[in-house]
Amino acid sequence: MEYQDYDAIGLAGLVRSGETTPAELLETAIEEIDRLNPVLNAVNRKMYDEARASIGRGLPDGPFTGVPFLLKDLRAAYAGVPTVAGSGFFADKVAPHDSELVRRYKTAGLVIAGKTNTPEFGGAPTTEPSLYGPTRNPWNIDHSSGGSSGGSAAAVAAGMVPAAHGSDGGGSLRIPAGCCGVFSIKPTRGRTPAGPDFGEAWNGLSAEHVISRTVRDSAALLDVTTGPSPGDPYSVPRAREPFVDSASRPPGRLRVAFTSSTAAGPAHPDCVEAVDKTVRLLSELGHEVTEDSPEWDRPTVGAAFRLLIAANVQAGIDEYAEQKGRRPRDDELENVIRVLGAESYDSTSIDMVRATWAMHRAGRAVAPFFEKYDVWLTPTVATPPPPLGLIDMTTDDIDGYLGTVFGFIPFTAIANVAGIPAMSAPLHWNSDGLPIGVHFVAGYARDDLLFSLAGQLEQAQPWFNKRPPVC
């Protein structure tokens with residue numbers, strides 16, 4: 001058996017057939033993590049003892065029994081293990097219980113072997129926390145792996161595990177997937193549970209799912225985690241069929257709109273080329289492709305986005321400060337987090353309500369676009385993966401920092417604001433060998449449509465056997 005030749009579904013099949021065991025798979029994953037992590041710095045907490053103990057107790061009989069898996073070190077609570085969120089202040093924040101999503105991963109039979117690196121509180125589209133240091137891109141270690149699920153993306157791209165958990169509040173699954181040449185979808189708001197500690201994260205901006213090398217793994221992992229848990233404030237309509245079935249079913253002739261420009265101008269030529277190549281591929285597959293894009297009040301939404309994220313992050317810091325009985329020292333927080341958090345104290349409850357209204361108005365504004373078109377195509381990000389150090393959370397220039405961030409990620413956040421599904425597929429590599437992700441957005445609750453399209457694209461232009469140089 002060659003471990004990296006199998007996706008999660010394939011490895012689970014080997015366990016079921018008796019060709020390998022969960023213990024053998026775990027030890028192979030540990031070997032790969034220990035071999036590659038000194039170069040990539042993708043895994044910031046090894047949970048080998050916990051993983052071996054879970055196998056020793058006997059794994060549930062689920063669709064992924066015995067498959068090694070990693071959790072992003074943000075929001076994914078694992079009982080008895082710290083959830084550090086890339087922050088020195090949270091270094092001793094031990095989870096008292098599993099989050100509902102982690103419980104579902106365990107029930108599916110996944111073997112959780114560690115936690116992956118993330119920028120502090122998921123506050124950057126690159127993964128370079130001062131606490132743990134940068135996660136490096138497997139395709140070129142001088143470049144960013146993206147963020148904020150950059151540790152998970154690098155681990156999956158390098159073959160440490162076939163899939164890993166992540167979260168997405170403005171593109172944080174799709175950005176690193178695009179930067180690392182792997183696949184991810186941000187589900188519709190409410191598709192996966194946020195409980196028991198939250199009803200929703202970041203006022204509904206953030207969703208959780210996985211980064212994977214194959215479409216079918218992403219679909220099947222959403223099948224085992226989808227649906228509300230007791231007390232959830234709302235839920236999305238159930239899918240018409242299992243997502244793994246959608247991923248193997250042709251989508252039919254789709255109406256696709258595309259753009260590679262924003263109000264600030266065209267994306268980098270490599271990203272424009274990725275979209276142009278994808279437009280040609282879609283046309284060859286029989287889809288109707290038109291240049292167009294939805295409209296919304298970008299300045300108002302940008303200001304609302306800034307306030308909602310800053311206030312949510314600061315609320316979490318304040319809550320833990322009450323538990324610890326002290327405020328964080330300046331050296332326990334990145335400067336961007338500390339300054340933006342302080343700004344949120346200057347906002348009123350009325351400002352928060354108006355920011356939420358702005359989000360909802362943007363969702364209303366883009367919804368009719370998905371009655372005219374089935375899918376909207378853009379680059380995942382506006383430039384190739386940037387060099388490490390370009391996006392710096394220790395800076396004093398907060399406005400300059402945010403300008404750099406949103407110049408890099410102008411396409412992804414509207415799906416979070418509107419609560420609609422979106423995905424990044426690895427369909428292009430530039431002349432320097434860096435992945436250039438291609439981004440697709442669909443209407444509310446049409447996760448199934450994106451999986452169907454992704455499966456068709458994966459079959460037409462396979463990416464599974466593309467392996468980064470670090471391997």
Side-chain angles (χ1 to χ4, degrees), residues 3-11 29 32-33 36-37 40 42-43 67-72 116-118 125-127 135-141 143-168 171-187 208-222 247 271 274 278 379-381 384-385 412 422-430 433-440 450-451 453-455 457-459 461-471:
Y3 173 72
Q4 294 181 355
D5 288 343
Y6 293 87
D7 65 357
I9 289 175
L11 291 176
E32 290 302 292
I33 294 169
L36 294 166
N37 205 56
L40 296 178
V43 178
V67 176
F69 192 69
L70 296 168
L71 299 174
K72 180 181 180 180
T116 61
N117 202 15
T118 179
T126 186
T127 301
T135 295
R136 298 179 180 275
N137 193 310
W139 296 89
N140 185 324
I141 60 173
H143 288 255
S144 171
S145 63
S148 62
S149 306
S152 290
V156 171
M160 297 180 189
V161 290
H165 161 267
S167 59
D168 188 317
S172 288
L173 282 163
R174 295 159 285 153
I175 294 161
C179 288
C180 290
V182 287
F183 177 80
S184 191
I185 183 169
K186 180 199 78 68
E208 294 174 89
H209 188 39
V210 301
I211 293 172
S212 62
R213 288 173 60 204
T214 63
V215 174
R216 70 175 189 170
D217 274 357
S218 184
L221 283 161
L222 192 55
C271 302
T278 304
T380 303
V381 291
T412 52
M423 68 181 184
S424 179
L427 296 176
H428 184 63
W429 274 253
N430 69 10
L434 288 169
I436 308 293
V438 182
H439 189 238
F440 301 84
L450 289 183
F451 277 123
L453 175 59
L457 293 169
E458 182 183 38
Q459 186 173 20
Q461 193 169 301
W463 57 73
F464 182 79
N465 289 325
K466 287 182 178 288
R467 309 298 295 144
V470 76
C471 295

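The first residue of the sequence shown is numbered 1, and numbering continues consecutively from there.
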Backbone N/O of L40 and side chain of R136: donor-acceptor pair under 3.5 Å:
no
With D7 via side chain to side chain donor-acceptor pair (under 3.5 Å) - residues at least two apart
T214, R216
Using the rule given for side-chain contact (heavy atoms from CB on, under 4.5 Å), can you reason through V210 versus D217, listing the C-alpha separation, both sets of side-chain angles and the distance that settles it, and then say yes or no?
CA-CA 9 Å; V210 301; D217 274 357; over 6 Å; no
What residues, two or more places apart in sequence or in another chain, satisfy side-chain contact (heavy atoms from CB on, under 4.5 Å) together with S172?
K72, S148, S149
Option passing side-chain hydrogen bond (donor to acceptor under 3.5 Å, both in side chains) with T135 (candidates N117, N37, T127)
N117
Is the closest side-chain heavy-atom distance between L173 and I211 below 4.5 Å?
yes
Q461 meets the side-chain contact (heavy atoms from CB on, under 4.5 Å) criterion, sequence neighbours left out, with L281, L427
Nearest heavy-atom neighbours spanning W463 and V215:
CZ2-CG2, 3.7 Å
Using ring pair (Phe, Tyr, Trp, His ring centres under 6.0 Å) as the criterion, list what pairs up with F69, not counting sequence neighbours.
Y105
Chi angles and distances behind the side-chain contact (heavy atoms from CB on, under 4.5 Å) call for F440, T278:
CA-CA 11 Å; F440 301 84; T278 304; 3.8 Å; yes
Sequence neighbours excluded, the answer for side chain to side chain donor-acceptor pair (under 3.5 Å) partners of T118 is none
Residues at least two apart in sequence or cross-chain that pass salt bridge (charged side-chain N to carboxylate O under 4.0 Å, His left out) with E458, listed by chain then number, are none
Are the side chains of Y3 and L11 in contact, using a 4.5 Å heavy-atom criterion?
yes
Mind checking the NE2-OG1 spacing from H428 to T380? Nearest 0.5 Å is all I need.
12.0 Å
Correct closest heavy-atom pair for P468 and P138 would be CB-O, 3.4 Å
Is there a side-chain contact (heavy atoms from CB on, under 4.5 Å) between L453 and M423 once you walk through the steps?
CA-CA 10 Å; L453 175 59; M423 68 181 184; 4.3 Å; yes
Only counting residues at least two apart or in another chain, list the ones meeting side chain to side chain donor-acceptor pair (under 3.5 Å) with S144.
T126
How far does CG of D168 sit from OG of S424, to the nearest 0.5 angstrom?
10.5 Å
All side chain to side chain donor-acceptor pair (under 3.5 Å) counterparts of N137, not counting sequence neighbours
none
Go through the steps to decide whether Q4 and R467 satisfy the test side-chain hydrogen bond (donor to acceptor under 3.5 Å, both in side chains), and finish with yes or no.
CA-CA 10 Å; Q4 294 181 355; R467 309 298 295 144; 3.1 Å; yes
Side chain to side chain, S145 and C179, heavy atoms closer than 4.5 Å
no
With sequence neighbours excluded, tell me which residues meet ring pair (Phe, Tyr, Trp, His ring centres under 6.0 Å) with W429.
W139
Euclidean distance, H209 NE2 relative to L222 CG, rounded to 0.5 Å
4.5 Å
Just jot down the side-chain contact (heavy atoms from CB on, under 4.5 Å) partners of A219, sequence neighbours excluded, or say none.
F243, V244, A247, F451
Check residues 151-163 and write down every donor-acceptor pair under 3.5 Å in which the side-chain atom is one partner and the other belongs to a residue at least two apart or another chain.
{"unit_1": "S152", "atom_1": "OG", "unit_2": "T116", "atom_2": "OG1", "d": "2.8"}
{"unit_1": "S152", "atom_1": "OG", "unit_2": "H165", "atom_2": "O", "d": "2.6"}

Measure the spacing between OG of S212 and CD1 of I9 and express it to the nearest 0.5 Å.
9.0 Å
The side-chain contact (heavy atoms from CB on, under 4.5 Å) partners of N430 (sequence neighbours excluded) come to D270, P384, D432, L434, I436
The reported gap from CZ in F183 to CZ in R213 (rounded to nearest 0.5 angstrom) is 14.5 Å
Could you check H439 against R174 for side-chain contact (heavy atoms from CB on, under 4.5 Å), going step by step and ending with a plain yes or no?
CA-CA 8 Å; H439 189 238; R174 295 159 285 153; 2.9 Å; yes
